[in-house]
Amino acid sequence: MNFRISRPMGRVVLALIALVPAALSAASLSFLEAQQVALSQSRQLVAQDAAMTSAREMAVAAGERPDPMLSIGIDNLPVNGSDRFSITRDFMTMRKIGVAQEFTRSDKLDLRRQRQEREAEIAAAGKALVRSEVLRGAGKAWLTRYFLDQQRVLLQEQLQQARQQLLASEAAYRGGRIASTDTINTRGEMLLLEDQLQIMDRQLKQASAALARWVGNEQSRQPLLGKPDFDRIHFVIDDLEGHLTRHPDLVMQDRRIALADTEAHLAEANKRADWTAEVSYAQRGSAFSDMVSLGVSVPLQWDQARRQNRELAARQAQVEQARAERDDMLRAHVAEVRAMVDDWQSGLSRLQRYREQILPLSKSRTQTALASWRGGRGALSDVLAARRALLDTQLQASQLEMQTALTWADLEFLLPNEIRSAP
């Protein structure tokens, strides 16, 4: 029978075929997609942007001189006698208006502006730290769900085999070919698998809730595709200390050191007092002349040793404190990351052993036990034991792969702005 499709219909069919991969992709959530969604929905990043904007706006205001002061009043108003409460009859009574302006030294204004700019830099470093935490948190939540899904598939397959085995053993028992203990053992195996599957479902529910914290409820329920390559990391392990100097924690601490140093320079500049100029105009009664007053006021720093010098010493001590904390932080990060690198490398080595030796051996043992039982030379209990051992080995391998991937995520997303390992 010849079947021919018209040209217009053929175009429609081809268009539908082309849309199938896109539809499948839209219905799934990849590792990188989960991270991008988490970044786009993060309110912590919005908060850090607001903090940066706030500090930068304050930097502009901090670099300006204080507003001038307007003063209005009445001087020397009589309160008794024949001229009491008169503002025109007594020659000393004056209605006065004046303006005062503090002239802050330009170096102080620059330092005040720099202090707020340092705050903006700290907020920017905080944003990089939040970005790193979002990438790492979303990635680890995705990986946890992904590997738990795989483990559930293993349990489901084993449970299906156990159910088929139970049906076969019950039929064999009714035919008098096996003892009742084989049927009981098979049923017990099935019940244990059902219990494990229930535990796995609870863990999956928790993992989905953790993923929803980053990508939302709707996307957290999508199938997960696109496992990343966690066999390599983006930084050179031999230069670990140099690499970690770019860690957001260390960058933020460097900004804090710069802020403390600016505070110290500002405390030193405060040892040189600012001065204030004032001019006022006073009006008296029509029989008397008006007055103009000019004046300058300067704070008397008569005890710098106990005030300004102490403040300067305190600010300088804060600089040393921030530097010491930075050195300790670097050492702590180096030790922590070195331990994670060891765990990650050990996990990769063990995974290779599982894939190349342990899992093939366990599968071979199961196939041998099954063949012996089918040939009448082995017991059903040996088959069940071999299958249980294989399932345990597969779950251990999956659990090891998940832990290795989670450790990789901790390492890979230490620095949020560096090149990522591609899926």
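Remember, it's a predicted structure, so these values are computed and weren't measured experimentally. Along the sequence shown, the residues carry numbers beginning at 1. No hydrogens, no waters, no symmetry mates; every other heavy atom, side chains included, goes into these values.
- Within the 3.5 Å criterion, the main-chain N or O of Gly98 finds no donor-acceptor partner in the side chain of Glu278.
- For the atom pair Ser208 OG and Asn217 CG, the distance stands at 10.0 Å (nearest 0.5 Å).
- Note that CD of Gln114 and CD of Glu121 are 9.5 Å apart. Values are rounded to the nearest 0.5 Å.
- No donor-acceptor pair under 3.5 Å is formed between the side chain of Ser398 and the backbone N or O of Gln394.
- Smallest separation of non-hydrogen atoms from Leu225 and Trp142: O-CZ2, 3.4 Å.
- Using a 4.5 Å heavy-atom threshold, the side chains of Trp214 and Gln41 count as separate.
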(message) Set out, in order, the CA-CA distance, both residues' side-chain angles and the distance that settles side-chain hydrogen bond (donor to acceptor under 3.5 Å, both in side chains) for Gln151 and Gln399, then state yes or no.
(response) CA-CA 8 Å; Gln151 293 170 24; Gln399 195 71 18; 3.2 Å; yes
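- With sequence neighbours excluded, the residues satisfying salt bridge (Lys or Arg N to Asp or Glu O under 4.0 Å) with Asp49 are Lys127.
- Between Gln219 and Val37, the shortest heavy-atom contact is OE1-CG1, 3.2 Å.
- The line from CD of Gln156 to CG of Leu193 is 10.0 Å long, rounded to the nearest 0.5 Å.
- Contact between Asp67 and Gln101 at its shortest, heavy atoms only, is C-OE1, 4.2 Å.
- Remark: side-chain polar atoms of Ser364 are not paired, donor with acceptor, to backbone N or O of Pro360 under 3.5 angstrom.
- No donor-acceptor distance shorter than 3.5 angstrom exists from the side chain of Gln367 to the backbone of Ser362, with no hydrogens or angles considered.
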(request) Begin from the C-alpha positions of Gln308 and Glu268 and carry the test side-chain contact (heavy atoms from CB on, under 4.5 Å) through to its verdict. (result) CA-CA 8 Å; Gln308 283 79 14; Glu268 185 175 10; over 6 Å; no
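- Defined by atom type and a distance below 3.5 Å, a donor-acceptor pair is missing between the side-chain atoms of Ser28 and Gln222.
- Under the 3.5 Å distance criterion, the side-chain polar atoms of Asn76 are matched with a main-chain donor or acceptor of Met92.
- Atom-to-atom distance recorded for Leu129:CG and Leu415:CG is 11.0 Å, nearest 0.5 angstrom.
- Expressed to the nearest 0.5 Å, how far CG of Leu244 lies from CD of Glu336 amounts to 9.5 Å.
- Summarising the geometry of Ala59 relative to Gln116, their closest heavy-atom pair is CA-CB, 3.4 Å, with the distance given to 0.1 Å.
- Leu143 is listed as a side-chain neighbour of Pro228, based on a closest heavy-atom distance under 4.5 Å.
- Nearest heavy-atom pair across Met291 and Arg284 is CE-NH2, 3.3 Å.
- Ser220 and Glu218 share no donor-acceptor pair across their side chains, judged by distance under 3.5 Å alone.
- Within 6.0 Å of CG in Leu70 there are more than 12 heavy atoms belonging to other residues, nucleotides or ligands.
- Between the Glu33 side chain and the Ser30 main chain, a donor and an acceptor come within less than 3.5 Å of each other.
- In this structure the side chain of Glu133 never reaches within 4.5 angstrom of the side chain of Phe413, judged on heavy atoms.
- Taking the charged nitrogens against the carboxylate oxygens, Arg152 and Asp201 do have a contact shorter than 4.0 Å, which makes a salt bridge.
- Remark: side-chain polar atoms of Ser42 are not paired, donor with acceptor, to backbone N or O of Leu39 under 3.5 angstrom.
- Using cut-offs of 30° and 60° for the angle between ring planes, the Phe31 and Trp408 rings count as tilted.
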(request) Take Leu192 and Asp195 through the test side-chain contact (heavy atoms from CB on, under 4.5 Å) and record every step on the way to the result. (result) CA-CA 5 Å; Leu192 287 174; Asp195 183 68; 5.6 Å; no
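- A salt bridge (charged side-chain N to carboxylate O under 4.0 Å, His left out) check over residues 313-323, counting only residues at least two apart or in different chains, returns the pairs Glu320-Arg323.
- Within 6.0 Å of atom CE in Met69, 12 or fewer heavy atoms from other residues, nucleotides or ligands are found, so the atom counts as exposed in its surroundings.
- A salt bridge does not link Arg95 to Asp75: none of the charged nitrogens lies less than 4.0 Å from a carboxylate oxygen.
- With respect to Arg331 and Asp328, no salt bridge is recorded, no charged nitrogen being found less than 4.0 Å from a carboxylate O.
- Inter-residue side-chain proximity for Arg387 and Leu370 is flagged as met; some heavy-atom pair is nearer than 4.5 Å.
- Proximity of Ile72 to Ile97: side-chain heavy atoms (C-beta onward) are separated by under 4.5 Å at one or more points.
- In this structure, CG on Leu395 lies 11.0 Å from CD on Gln150, to the nearest 0.5 angstrom.
- Look at Asp107 and Arg272 and you find a salt bridge, because one of the NZ, NE, NH1 or NH2 atoms lies within 4.0 Å of a carboxylate O, short of that distance.
- For the residue pair Glu325 and Gln321, a side-chain donor N or O sits within less than 3.5 Å of a side-chain acceptor on the partner.
- With a 4.5 Å cut-off on side-chain heavy atoms, Arg307 and Gln304 do not count as touching.
- Side-chain contact check for Asp261 versus Gln316: every heavy-atom pair is 4.5 Å or farther apart.
- Side-chain N or O atoms of Thr144 include none that pairs as donor or acceptor with a backbone N or O of Ala207 at under 3.5 Å.
- A donor-acceptor pair under 3.5 Å is absent between the side-chain atoms of Thr393 and the main chain of Leu359, judged by distance alone.
- Here the closest non-hydrogen pair linking Lys108 and Ala269 is CE-O, 2.9 Å.
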Let me have the donor-acceptor pairs involving side chains of residues 340-358, under 3.5 Å, with sequence neighbours excluded, atom names and distances please.
from: Trp344; atom 1: NE1; to: Phe230; atom 2: O; distance (Å): 2.9
from: Gln352; atom 1: NE2; to: Glu356; atom 2: OE2; distance (Å): 3.2
from: Tyr354; atom 1: OH; to: Gln396; atom 2: OE1; distance (Å): 3.2
from: Arg355; atom 1: NH2; to: Glu401; atom 2: OE2; distance (Å): 3.3

(message) Working note: Met329 + His333, criterion side-chain contact (heavy atoms from CB on, under 4.5 Å); need CA distance, chi angles, decisive distance, verdict.
(response) CA-CA 6 Å; Met329 184 182 295; His333 275 299; 3.6 Å; yes
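- A salt bridge is absent between Arg56 and Glu117: the closest approach of a Lys/Arg side-chain nitrogen to an acidic carboxylate oxygen does not fall below 4.0 angstrom.
- Within a 6.0 Å sphere centred on CD of Gln206, heavy atoms belonging to other residues, nucleotides or ligands number more than 12.
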(request) Evaluate side-chain contact (heavy atoms from CB on, under 4.5 Å) for Asp249 paired with Met252, printing each intermediate quantity in order. (result) CA-CA 5 Å; Asp249 278 341; Met252 181 176 290; 5.7 Å; no
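- The local environment of CE in Met58 is sparse, with at most 12 non-hydrogen atoms from other residues, nucleotides or ligands closer than 6.0 Å.
- A donor-acceptor pair under 3.5 Å is absent between the side-chain atoms of Glu119 and the main chain of Ala55, judged by distance alone.
- Counting heavy-atom neighbours within 6.0 Å of His247 NE2, excluding the residue itself, gives a total above 12.
- Side-chain contact between Arg131 and Val134 is absent, with no heavy-atom pair separated by less than 4.5 Å.
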(message) salt bridge (charged side-chain N to carboxylate O under 4.0 Å, His left out) for Arg115 and Glu263? Distances and angles first, verdict last.
(response) CA-CA 7 Å; Arg115 177 174 59 188; Glu263 294 277 9; 3.5 Å; yes
